[in-house]
Amino acid sequence: MSQPSRRDVLKAAGVGAAVASATVVAGSALADPALAGTASGQETNPLRLWYKGPAQEWLEALPVGNGRLGAMVFGGTDTERLQLNEDTIWAGSPHDYDSPDALAALPQIRQLVFDEKWNQAQKLVDAKFLGRPSEQAAYQPVGNLNLTFPDTGEVTEYQRDLDLTTAITKVTYLRGGVHHTREVFASTPDQVIVMRLTADKPGSISFQANFDSPQQTTTSAADGRTIALDGVSGEWQGRAGAVRFQALARATADGGKVHTDQGKLIVDEANSVTLVISVGTSYRNYQDVGADPAARARRPLTPAAAKPYDLLRRTHVADHHRLFSRVDINLGTSDNVSLPTNERIPLFASGADPQLAALYFQYGRYLLISCSRSPGQPANLQGLWNDSMTPAWESKYTVNINFEMNYWPAGPTNLADCWAPAAAMVHELAESGRRTAKVQYGAGGWVLHHNTDGWRGTAPVDFAQYGMWPSGGAWLSVVLWDRYRFTGDKNLLRHDYPVMKGAAQFFLDTLVEDPEHGWLITNPSQSPEVTHHQDEGESVSICAGPTMDMQILRDLFDACAEASEILGQDRDFRAKVKAARARLAPMQIGYLGQLQEWLEDWREAALEQSRHVSHLYGVFPSAQIVPRQTPDLVNAAKRSLELRGNAGEGWSLAWKMNIWARLEDSAKAYEHLSRLLTTARTAPNMFDLHPPFQIDGNFGGVSGITEMLLHSHAGEVFLLPTLPADAWPAGHVRGLRARGGFEVGIEWAQGRLTEADIRSDLGEQVRLRTQAPVSVTGASVERPEANVVVFDTRPGHTYRIRPS
Ligand code: FUC
């Protein structure tokens, strides 16, 4: 096909696809979603990543995942590699990290901080207060399933793609006069990974498959069509790995022959083949690794391998579709849609590819659906995709920003289901953190510092300079509350409330009085990872009462007070948290007009370099600094952002994008999206690059785009608050969620709202802000400001908004 006509087709397709996906919301298009991804479907589908060649490296491979199992699919033609993960495979074994020396050292640490002897304080934390060992364990891979194909000639017409609407990655090529097709997906309902090999001439599929692994493993034949990989996770800090696992791959062929030879699976001259891959581990939970991995691997394998491929595929696509299709976004069309994804990324900054922003948005949603489902662990630093025994930052759950960022899209982009594994982890952390609170602080409630792992470590780790921060559990408890604000699910709130309460109790027990003002503050703590002084030649971050802690605690205490009221319990406790909240140190404006990061107006020693903007938590994800409500603090927050600079690692850019979007600066928010969508920050497979790969930036990016289109905080729903009208002059988004239980659709043209609708699930009153006056059909409105309408809603009703 010649380039111009192909471009024309695809340009038209961009518009068509928007229509097609719009009808998805209504539940009819892709009525048989299993049909999507056919040759013609591929041509017209802008919601796919695609490439002209196999992946040469891991960051070119395409991820599939079912919330528990993951594969990076390379799509080779001589060899195919599926790099496999199962998300409970952690190095080491169940472990209590708490330091028995901590409690005795605590008074002295506090005094050293108050005496401004920060280096001594930090050293004492390093010696006595850090977890034992001081490094948490690494998340590790299963290994690889490799397929080797015979050389039947030159490969032409190669194409590899990942269709976000079906969650299927596919390879097609012509070799030796035969068209070959391979599809791979990870099914949540069937709990297996499936590969399907087909060809357009009978008897054309032959290959040998085997497992290999960087873990300590053995390979074998489980039966005449199944091979097995048995292994155990790696040693960690002197503790032997305790997560035993088994991977199985079973071939079912139409025609030809299948047999096994020890660890080799051999397929000869089949017409088509379905490979079903299952992984079971011995990990039941953070305290119990006693399950039988072989039984757990076999349990889903046997029924799945007995099902026809079409049924497995249909079940998978329907399951994915249920979540993915809830949001439809169109930010405009572009000729660049005709280019392979890796060629589009470097062109994004030069403009004219709004469809890449939409693809990035939907890819982030795809990734969250693929790595955070039940049953399964929550999304770690790499989601669940990791090929290394020693991944960066151990691919843990870092809770001083990264883990929370992973879940920023869950509420607003209609993926509340994806919160479930994260919430389950927080409940476990509340158990292990109760022990840490008692052992290390002599306090009630529970505490989590800046990281956790598969063993739910809650003690401070790494070094005092990074790890001495007690507010991880408080922040995660606020996330549980935010889930309630989106869903209105009282049963979940009832379930989560004791965890929130426990987090608050820890601070009621450990806050100390600021000697100067009498405020209640944390000590010891830090503003995550930012150095405030060089003391005795050392960078010090340790301090008392950093701004972020105070902001998080205001949110936590408010959440506990409100939740206890909604649930009709704990009147005394409510009074206590309200009283404590009133005594927290306030936000302050410093000598440069910036929002102070600390109690004192210190010159920020590492101002230029730091990627963290922790004190701007108050802007986003919190809503304590809000345009029109707190103008002085808004100006101070802007000044802080300017001082901190535009640069940053992937997640840092994403955070700043969200903050600028909350501050309603569309140029700055969009600029940060452009910085994120460069080859320095986005890999060929669109994984976010810290660098290295860290998935938080993908999720922060989705959230940032959402925050440009819709706000729902500080008591208002705001349509198109920060629309970058030059880049996205016309478009629509449907299916976003707003706090208060609303589902929102918005259409705009020439940079202005043309129509919107709001469906109310809970019957809450809505205060709606727009950029210009609107009318609302179906409701009687009050108009406290020209651009604000307030109206009562009825559950299940949709209200149409039009410019008036
Ligand atoms: C924090 C950040 C790093 C990285 C790591 C996982 O330490 O400062 O940039 O994201 O977490």
Side-chain angles (χ1 to χ4, degrees), residues 90 122 125-126 130-131 134-140 371 378-386 388 390-408 422 425 448-454 457-472 475-476 525-532 539-542 546 548 552 597 604-617 621 644-659 672 675-676 680-683 687-701 703:
W90 286 82
Q122 249 177 220
V125 173
D126 280 331
L130 287 189
S134 61
E135 239 183 78
Q136 290 170 349
Y139 172 62
Q140 296 187 326
C371 74
N380 63 42
L381 286 171
Q382 299 186 181
L384 54 59
W385 298 278
N386 165 39
S388 170
T390 52
W393 289 287
E394 295 81 38
S395 195
K396 300 188 299 276
Y397 309 99
T398 302
V399 291
N400 65 10
I401 173 62
N402 318 86
F403 181 70
E404 290 86 353
M405 185 177 285
N406 285 356
Y407 287 90
W408 287 351
M425 180 169 88
L448 165 65
H449 296 82
H450 92 306
N451 260 288
T452 189
D453 61 3
T458 44
V461 290
D462 296 343
F463 298 97
Q465 200 191 332
Y466 308 105
M468 190 54 259
W469 181 69
S471 305
W475 191 350
L476 291 183
S525 188
Q526 65 180 270
S527 191
E529 305 188 22
V530 180
T531 298
H532 57 75
S539 300
V540 291
S541 66
I542 200 165
M548 184 196 219
I552 290 176
E597 184 153 5
E604 297 166 56
L607 199 63
E608 297 294 312
Q609 297 86 35
S610 180
R611 48 194 175 251
H612 289 265
V613 284
S614 300
H615 49 322
L616 302 181
Y617 166 96
R644 198 52 57 97
N646 286 332
E649 286 68 12
W651 63 258
S652 175
L653 292 173
W655 194 358
K656 291 172 186 168
M657 177 182 5
N658 282 274
I659 294 168
H672 280 80
R675 287 173 202 277
L676 200 56
R681 295 287 177 267
T682 297
F687 270 171
D688 168 64
L689 299 173
H690 181 286
F693 165 48
Q694 205 166 283
I695 206 160
D696 41 19
N698 286 103
F699 297 136
S703 170

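One-based numbering along the sequence shown. Atoms within each ligand, like the ligands themselves, are counted from 1 in listed order. Keep in mind that the numbers below use all heavy atoms, side chains included, and drop hydrogens, waters and symmetry copies. Please read these numbers as outputs of a predicted model, since none were measured by experiment.
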**Q** With a 4.0 Å cut-off on heavy atoms, is Y466 in contact with ligand 1?
**A**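 No, Y466 has no heavy atom closer than 4.0 Å to ligand 1.
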**Q** Would you please indicate if the ring centroids of W90 and Y397 are separated by under 6.0 Å?
**A**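 Yes; Y397 has its ring centre under 6.0 Å from that of W90.
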**Q** Can you confirm, on distance only, whether ligand 1 has an N/O atom lying under 3.5 Å from any N/O atom belonging to R611?
**A**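 R611 vs ligand 1: N/O contact under 3.5 Å present.
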**Q** Just distances here: any N/O of W651 and N/O of ligand 1 closer than 3.5 Å?
**A**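 Yes, W651 has an N/O under 3.5 Å of an N/O on ligand 1.
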**Q** What part of E649, side chain from CB on, backbone N/CA/C/O, both or neither, has a heavy atom under 4.0 Å from ligand 1?
**A**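 Looking at E649 and ligand 1, no heavy atom falls under 4.0 Å.
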**Q** Just need the protein heavy atom nearest to atom 1 (C) of ligand 1, so name the residue and atom and give the distance.
**A**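 Checked against all protein heavy atoms, atom 1 (C) of ligand 1 sits closest to E529 OE2, 3.1 Å.
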**Q** If you count the atoms of ligand 1 from 1 in the order shown, which ones are under 4.0 Å from a heavy atom of T398?
**A**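 Matching atoms, with element in brackets: 6 (C), 11 (O).
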**Q** Run the numbers for me: atoms of ligand 1, each under 4.0 Å from some heavy atom of H690, listed by number.
**A**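 Result: 3 (C), 4 (C), 9 (O), 10 (O).
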**Q** In terms of ring plane angle, is the pair F687 and W385 parallel, tilted or perpendicular, where the classes change at 30° and 60°?
**A**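 Correct class here is tilted.
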**Q** Can you confirm if the aromatic rings of W393 and H690 lie within a centre distance of less than 6.0 Å?
**A**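 Under 6.0 Å, so yes.
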**Q** Between W651 and F699, does the ring centre distance come in under 6.0 Å?
**A**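 Judged by ring-centre distance (under 6.0 Å), W651 and F699 do not meet the cut-off.
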**Q** Tell me which part of N402 gets within contact of ligand 1: side chain, backbone, both or neither, using heavy atoms under 4.0 Å.
**A**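 Contact part for N402 vs ligand 1: side chain (C-beta onward).
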**Q** Let me see the working for E597 and R644 under salt bridge (Lys or Arg N to Asp or Glu O under 4.0 Å), right down to the final yes or no.
**A** CA-CA 11 Å; E597 184 153 5; R644 198 52 57 97; 2.7 Å; yes
**Q** Do N658 and S703 have side-chain N/O donor and acceptor atoms under 3.5 Å apart?
**A**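 Side-chain D/A pair, N658 to S703: present.
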**Q** If we check side-chain hydrogen bond (donor to acceptor under 3.5 Å, both in side chains) with N400, which of these qualifies: H450, E529, Q526?
**A**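 Of H450, E529, Q526, side-chain hydrogen bond (donor to acceptor under 3.5 Å, both in side chains) with N400 is met by E529 alone.
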**Q** Under 4.0 Å, counting heavy atoms only: does H612 come that close to any atom of ligand 1?
**A**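 Distance cut 4.0 Å: H612 passes for ligand 1.
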**Q** Using a strict cut-off of 4.0 Å, indicate which atoms of ligand 1 neighbour a heavy atom of L381.
**A**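 By the 4.0 Å cutoff, the relevant atoms are 6 (C).
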